[in-house]
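One structure is given here, and the rest of the page talks about it.
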Amino acid sequence: MVRGVVFFDVDGTLVPHTSSGQHLAESFGHAGVVREAEARYAAGSLSNQEVSVLDARGWATRTPAEVRAILDSLPLVDGIAETVDWCRQHDFAPVLATLAWDAVGAYLCRRFGFDRASGPRLEVIGGRYTGEVAEHFDELDKRDFAMSAAAELSVKPAQCAAIGDSRSDLPLFAEVGMAIAFNASPTARAAAHAATDGTDLRAVLPLLTTWLTTFQPPR
């Protein structure tokens, strides 16, 4: 039986000091465009939809296999596999709630065993990316995806935790029973119930363990 869900952000949380989009853009040749767009999103002057359109253009003619090969070198914090194992051992479903592209979420699910992932979707025709966005996804969609995933598992929001670092996590932080800011911006820290920093995701486990002392299973 699933007791609850732990939601994990990707960019800035599992991927430190950069984003999965920037990592891919370095290989695709449009890193400067993505870097500027993400900075403007963080400052609130661009929407996630606008960032996605700018980034998607750089994917034109690439294949999913190329993307997977590049993601093998994606920089990640330590302790992801062990943190996912902790979730399983405590009957929590580990889920990626992220604005990273769907290809990134699918890759991390395969590699580490997350249950599922959210994210915007790129158009693929004839086995190649077209450079167009097939489905947009923003911070409110991220919250709604998480709440829908919890409902499918018969879990209430109070039995969920979320781990994130930035603006895109704020709507979800407002809904869950435990919001943890990990290597986070001041805004995310202010919205969270607890905060920690480090190069290893296992830094969140003492906070989750303390939360469990007051945890009430769903009725």
Side-chain angles (χ1 to χ4, degrees), residues 2-15 19-21 37-38 40-56 84 87 91-110 112-124 132-182 184-185 187-194 204 208 211 215-219:
V2 175
R3 302 173 66 196
V5 184
V6 180
F7 296 105
F8 297 86
D9 178 49
V10 172
D11 294 329
T13 301
L14 302 187
V15 179
S19 71
S20 56
E38 290 185 348
R40 292 180 63 189
Y41 172 79
S45 62
L46 275 187
S47 69
N48 188 71
Q49 179 171 331
E50 291 169 319
V51 174
S52 295
V53 168
L54 292 169
D55 187 6
V84 169
C87 291
D91 298 319
F92 280 82
V95 171
L96 294 174
T98 174
L99 300 188
W101 292 113
D102 62 330
V104 176
Y107 171 86
L108 293 173
C109 285
R110 287 192 300 269
F112 294 107
F114 293 99
D115 273 13
R116 65 186 84 178
S118 64
R121 185 167 56 86
L122 286 152
E123 182 180 67
V124 180
E132 300 293 331
V133 181
E135 182 179 352
H136 285 283
F137 195 90
D138 65 15
E139 57 268 28
L140 298 180
D141 296 316
K142 177 175 175 175
R143 176 202 62 196
D144 294 345
F145 160 84
M147 294 299 94
S148 177
E152 287 180 22
L153 294 167
S154 299
V155 171
K156 297 177 182 178
Q159 276 75 52
C160 296
I163 299 162
D165 71 294
S166 67
R167 167 187 167 189
S168 72
D169 298 296
L170 302 185
L172 180 54
F173 275 11
E175 298 294 332
V176 297
M178 181 59 166
I180 299 175
F182 181 60
S185 68
T187 302
R189 288 175 182 272
H193 299 108
V204 305
L208 290 172
W211 174 54
F215 183 81
Q216 297 296 318
R219 296 181 182 276

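In this text, all values refer to a predicted model and were calculated from it rather than measured experimentally.
Of all the heavy atoms in Glu175 and Pro157, the pair that sits closest is O-CB, 3.3 Å. Of all heavy-atom pairs spanning Val133 and Ala56, the tightest one is CG2-CB, 3.7 Å. Shown here for Asp11 and Asp165, the closest heavy-atom pair between the two residues is O-OD1, 3.0 Å. For the residue pair Ala184 and Arg189, the shortest heavy atom distance occurs at O-NE, 3.1 Å. Closest approach of Arg121 to Asp102, counting heavy atoms only: CG-OD2, 3.2 Å. Considering all non-hydrogen atoms of both residues, Val10 and Val104 come closest at CG1-CG1, 4.3 Å.
The side chain to side chain contact (heavy atoms under 4.5 Å, CB included) check on Ala161 picks up Val6, Met178, Leu208, Trp211, with sequence neighbours excluded. When the side chain to side chain donor-acceptor pair (under 3.5 Å) test is applied to Asn48, no partner is found at least two apart in sequence or on another chain. With sequence neighbours left out, the salt bridge (Lys or Arg N to Asp or Glu O under 4.0 Å) criterion links Glu139 to Arg167. Partners of Ala146 according to the side chain to side chain contact (heavy atoms under 4.5 Å, CB included) rule, which considers only residues two or more places apart in sequence or in another chain, are Phe7, Leu172. Scanning for ring-ring contact (aromatic ring centres under 6.0 Å, His included) contacts around Phe137 gives an empty result, with sequence neighbours left out. Contacts of Pro94 classified as side chain to side chain contact (heavy atoms under 4.5 Å, CB included), with partners at least two apart in sequence or in another chain: Phe8, Val84, Cys87, Arg88, Phe114, Asp115. Remark: Asp55 pairs with His30, Trp59, Trp101 by the side chain to side chain donor-acceptor pair (under 3.5 Å) rule, at least two apart or across chains. In terms of the salt bridge (Lys or Arg N to Asp or Glu O under 4.0 Å) criterion, residue partners of Arg116 (sequence neighbours excluded) are, by chain and number, Glu152. The side chain to side chain donor-acceptor pair (under 3.5 Å) search around Ser47 returns Glu50, not counting sequence neighbours. Scanning for side chain to side chain donor-acceptor pair (under 3.5 Å) contacts around Ser166 gives an empty result, with sequence neighbours left out. With sequence neighbours left out, Ala106 forms a side chain to side chain contact (heavy atoms under 4.5 Å, CB included) with Arg110. In this structure, Phe182 has no ring-ring contact (aromatic ring centres under 6.0 Å, His included) partners at least two apart in sequence or on a different chain.
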>> Could you go through Ser118 and Asp141, starting from their C-alpha distance and side-chain angles, then the distance that decides it, and tell me whether this counts as side-chain contact (heavy atoms from CB on, under 4.5 Å)?
In response: CA-CA 9 Å; Ser118 64; Asp141 296 316; over 6 Å; no
> Going through the checks in order, is the side-chain contact (heavy atoms from CB on, under 4.5 Å) test met by Val176 and Gln159?
Replying inline: CA-CA 7 Å; Val176 297; Gln159 276 75 52; over 6 Å; no
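Between Ser52 and His136 there is a side-chain heavy-atom pair separated by less than 4.5 Å. At a threshold of 4.5 Å between non-hydrogen side-chain atoms, the residues Thr187 and Leu170 count as touching.
How far OG of Ser19 is from CG of Leu14: 12.5 Å, rounded to the nearest 0.5 Å. In this structure, Leu46 CG and Leu54 CG are separated by 7.0 Å, a value rounded to the nearest 0.5 Å. To the nearest 0.5 Å, atom CD1 of residue Ile163 and atom CZ of residue Phe173 are 8.5 Å apart.
With hydrogens and angles left out, the side-chain atoms of Lys142 and Ser168 include a donor and acceptor closer than 3.5 Å.
Counting only distance, with no hydrogens or angles, the side chain of Asp91 and the backbone of Val2 share no donor-acceptor pair below 3.5 Å.
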